[in-house]
Amino acid sequence: MSIFIDDKERIFKLDTANTSYIMAVADEPGYLGHVYYGRRLKDTDVRYLLRTSESPYIPSKNNRDKLSFTDCYPMEYPVHGSGDFRESALKIRTQEGYCTAELHYAGYSKERLLKPEMPGVYGDNGEVLSIVLKDECLDLEVVLKYTVFDDCDAIIRHCVITSNSNPLYLERAFSASFDMDNDGYELITLNGCWARERHIERCPIRHGLQGVNSRRGETSHQHHPFMGIVSKDCSQTQGEAYGVNLIYSGNFFSGVYEGQFDNLRIMTGIDPEDFEWKLNAGESFTTPQAVLVYSAEGLGGMSRTFHDLYRQHLIRSPWKDKARPILINNWEATYFDFDDEKLLAIAKEAAGCGIEMLVMDDGWFGARNDDNCALGDWTVNENKLKGGLKKLVDGVNALGLKFGIWFEPEMISPDSDLYRAHPDWAIAVPGRTAGLARNQYVLDISRSDVRDHVFKSLADILDSANIEYVKWDMNRPLADLASLKLDADKQKELSHRYVQGVYELQGRLMERYPDLLLENCSGGGGRFDAGMLCYSPQIWCSDDTDAIERLLIQEGTALIYPLSSMGAHVSDCPNHIVGRITPFETRGYVALAGTFGYELDITRIPKEDRAMIPAQVKMYHMYHELVAAGDYYRLASYSENKEFDSWMCIKKDKSEALLTFIQVKGRPACHSRRLKLQGLDPLKKYRISRFDIESVSEKPYGEDKAFYGDTLMNAGIIVENLWGDYKGMLLHIKSE
Ligand code: DGJ
């Protein structure tokens, strides 16, 4: 059992294998307070931590100074307006324009997780605690939901907010908030831009509000709905790490507020700037889910908990535990300049190398020969694909390859038949010229008629040939927000309704094509988030396919998301984004840390590179299971040491591991480095061999002898200098 309730003391305790999360109700008027979140505790009644007995300001004793109480009490779900002057999780406006609310405890229930929300976590072993809070004046009910699983150290929160008798407006409705004392914690966020997504940043926490958000209608390339609150000594292997990640694909806010008494309020939810939700009497609003993870084993422990949760309880696709077909995508190979002959030539060469799927990217439809037109016109361009799509797909299948296709379903080009027929389907403010990005507008996916049209366009294509994979792209943010179908007092619902529309469409796709392999994408990694992972088991990580840039992007992404979800390809050099030249072999090792595939013109790359592909394909088959299902340990970070990067993927039973080492920069006068391994069984003896790409076999590495895991982890191994920049190697570590 994971949820304990002390009815008499009004204490709620959630236990996972290694963590406890505790709340308690203060005496009258019944504020729900956050007591503790951290390492697992044996005691349940720790309400002394609420400190109400030492407070001279408890309203029941001293209502004269009630605001002094509300201003410091650790509210579990703080509301705006009634004297908690810190950041609030909930802000309500009445029809009269009043913005004060106050929530009091009103009861609880506990049940199995039967009907999971989408997007959200699922699992037979989930238990849900629902704590009911009420504002009697507003006749408002807020149910705080906590989901726990017996096999995972995570707590998943969301809220259901109901107005029982009056129309109310939600100006802010976060998913989670909790307070704690600041033990000198630091803040980790993931930031960047297009082609440089999710770089890790760490800084001290200071007084006031610090955080990140998106107001682009998508999670964005710039910031990420993740926040790590970590102790100063927190590293990969030690220290405390709290991770907070929102299961959402639109505007988000993730922030920490340090107040006057040096305590922290950690919060996440939909960004309030472009949000408001009207609740008519009897209506409810359900917030997105937020995942909270606590690790006493540093960032590594935190990452592994997220990975396990997402692999076991979030990703739904039947592909989630299966080897994904090694694909070759024609985007960087041809851009818009392709026809059926070119694609078949690529497919033929790819088939000869053992590649398993051809993905036809942007440019196969309407009059699209560049990125200026035709989004929305999802009919095959038969000037390019002579004889039609089915002929091409059959041809590719005949070569032994599966076939995948690219769509950008949420968009509309001003120069398209769709726009000429339905200009009002584009998101734009009437009477104002809307801004273009990549010469396109965003379709108003919040509208069901628009969604029906989009779905039919997709289904017509998918039904016309044997298409087994879809890359769902999204290449611009939302701006000029207005929806012709929404009343004036619901216009600020558009951004959230848009995200719900995307989910509804992808849910429909999953239902109608249950075996389809869906890969989400947004101009690279602009919508790599836990919300999209509910619909697609993999997401394109970044348009930057340079192996060295990818080290930083993939390190940041893997801080939360399993390697099996990271779309990663080997591309051609000089790299199209940064112009860097790296060895083909190294590009393969870096892509192996994701889904693995190719993004190049296999008919034109250098002969030596082409010759290496069959060996890389075998390498993928040898090791992908360790990568996809194993436990991830980061040994070294190029972002920190500026010279090399290294990580391990370890089989759950610790019998086997794959270590990747990338020497980004050769170091003068350095013969070798000592590298301490992690995650092995200290009592098991392991032998190490190095993967040799030439012979596609493993050769003993270092001493041809077995060593205890204990030695390899505490004393380390010797990694020889690889002589040169951008060099890499794979070590296979196997127990005897
Ligand atoms: C952005 C994606 O990230 C690329 O991989 C490619 O599909 C282009 N869009 C096509 O327009």
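Quick note: numbers below take in every heavy atom, side chains included, and nothing from hydrogens, waters or symmetry partners.
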Between L559 and S303, what is the shortest heavy-atom contact and its length?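 Minimum heavy-atom separation between L559 and S303: O-OG, 2.9 Å.
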Within 45° cone of F253 ring axis and under 6.0 Å: R215 NZ or CZ: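 R215 over F253 ring: no.
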Within 45 degrees of the ring normal and closer than 6.0 Å to the centroid, is that where the cationic atom of K384 sits relative to W364?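 Geometry flag: not set, cation outside 6.0 Å or 45°.
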Validation row, ring centre [X] to ring centre [Y] under 6.0 Å:
X: W378; Y: F407; value: yes
X: F661; Y: Y589; value: no
X: F252; Y: H224; value: no
X: F403; Y: Y469; value: no
X: Y503; Y: Y535; value: yes
X: F644; Y: Y638; value: no
X: Y632; Y: H307; value: yes

Test of understanding: with ring pair (Phe, Tyr, Trp, His ring centres under 6.0 Å), list the residues that count as partners of W331, not counting sequence neighbours.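 With neighbours one apart ignored, the set is Y335, F336.
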Which residues pass the ring pair (Phe, Tyr, Trp, His ring centres under 6.0 Å) test with W472, sequence neighbours left out?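 In terms of ring pair (Phe, Tyr, Trp, His ring centres under 6.0 Å), with neighbours along the sequence ignored, W472 is linked to no residue.
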How far does [atom1] of [X] sit from [atom2] of [Y], to the nearest 0.5 angstrom?
X: H199; Y: L552; atom1: NE2; atom2: CG; answer: 4.5 Å
X: Q312; Y: D321; atom1: CD; atom2: CG; answer: 9.0 Å
X: S317; Y: R324; atom1: OG; atom2: CZ; answer: 6.5 Å
X: I188; Y: I200; atom1: CD1; atom2: CD1; answer: 7.0 Å
X: S249; Y: N520; atom1: OG; atom2: CG; answer: 8.0 Å
X: K727; Y: W723; atom1: NZ; atom2: CH2; answer: 7.0 Å

Is it the case that [X] and [Y] place a side-chain donor and acceptor less than 3.5 Å from each other?
X: E218; Y: S522; value: yes
X: E555; Y: S637; value: yes
X: D601; Y: T603; value: yes
X: R198; Y: T557; value: yes
X: R587; Y: Q616; value: no
X: N439; Y: N372; value: yes
X: S214; Y: D271; value: no
X: S542; Y: E197; value: yes
X: Q440; Y: N475; value: no
X: T237; Y: Q678; value: no
X: D308; Y: T305; value: no

Do C234 and R202 have side-chain heavy atoms sitting under 4.5 Å apart?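 Sidechains of R202 and C234: in contact.
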What residue pairs, at least two apart or across chains, pass salt bridge (charged side-chain N to carboxylate O under 4.0 Å, His left out) with a residue in residues 571-583?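 The answer is D546-R580, E549-R580.
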Would you indicate whether [X], at its atom [atom1], is surrounded by more than 12 heavy atoms from other residues, nucleotides or ligands within a distance under 6.0 Å?
X: R476; atom1: CZ; answer: yes
X: E698; atom1: CD; answer: yes
X: K652; atom1: NZ; answer: yes

Specify whether Y620 and H624 have parallel, tilted or perpendicular ring planes, treating 30° as the upper limit for parallel and 60° as the lower limit for perpendicular.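 Rings of Y620 and H624: parallel, under 30°.
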Please verify the inter-ring angle class for H732 with Y623; under 30° counts as parallel, over 60° as perpendicular, anything in between as tilted.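 Rings of H732 and Y623: perpendicular, over 60°.
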Listed partners of R610 passing salt bridge (charged side-chain N to carboxylate O under 4.0 Å, His left out), at least two apart: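 Result, salt bridge (charged side-chain N to carboxylate O under 4.0 Å, His left out) vs R610: E349.
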State which residues pass salt bridge (charged side-chain N to carboxylate O under 4.0 Å, His left out) with E341; sequence neighbours excluded, sorted by chain then number.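 Residues passing salt bridge (charged side-chain N to carboxylate O under 4.0 Å, His left out) with E341: none at all.
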Are D725 and K665 close enough, and set up right, to give a salt bridge (charged side-chain N to carboxylate O under 4.0 Å, His left out), and what steps lead you there? CA-CA 4 Å; D725 292 344; K665 280 195 200 155; over 6 Å; no
Please determine whether a side-chain nitrogen of the Lys or Arg among E519 and K471 lies less than 4.0 Å from a carboxylate oxygen of the Asp or Glu.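 No salt bridge links E519 with K471.
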Please determine whether a side-chain nitrogen of the Lys or Arg among E643 and R673 lies less than 4.0 Å from a carboxylate oxygen of the Asp or Glu.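 So E643 pairs with R673 through a salt bridge.
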My understanding is that only residues two or more places apart in sequence, or in another chain, count here; which of them pass side-chain contact (heavy atoms from CB on, under 4.5 Å) with N191?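 N191 satisfies side-chain contact (heavy atoms from CB on, under 4.5 Å) with T189, E201, V212, H223 only.
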Quick check against the 3.5 Å criterion: does D473 have a side-chain atom that pairs as donor or acceptor with the backbone of E408?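 Side chain of D473 to backbone of E408: no pair is present.
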Step-by-step side chain to side chain donor-acceptor pair (under 3.5 Å) determination, N721 to Q663: CA-CA 8 Å; N721 183 28; Q663 178 172 295; 3.1 Å; yes
Residue pair R550, D544: steps toward the salt bridge (charged side-chain N to carboxylate O under 4.0 Å, His left out) verdict: CA-CA 7 Å; R550 274 293 182 121; D544 200 330; over 6 Å; no
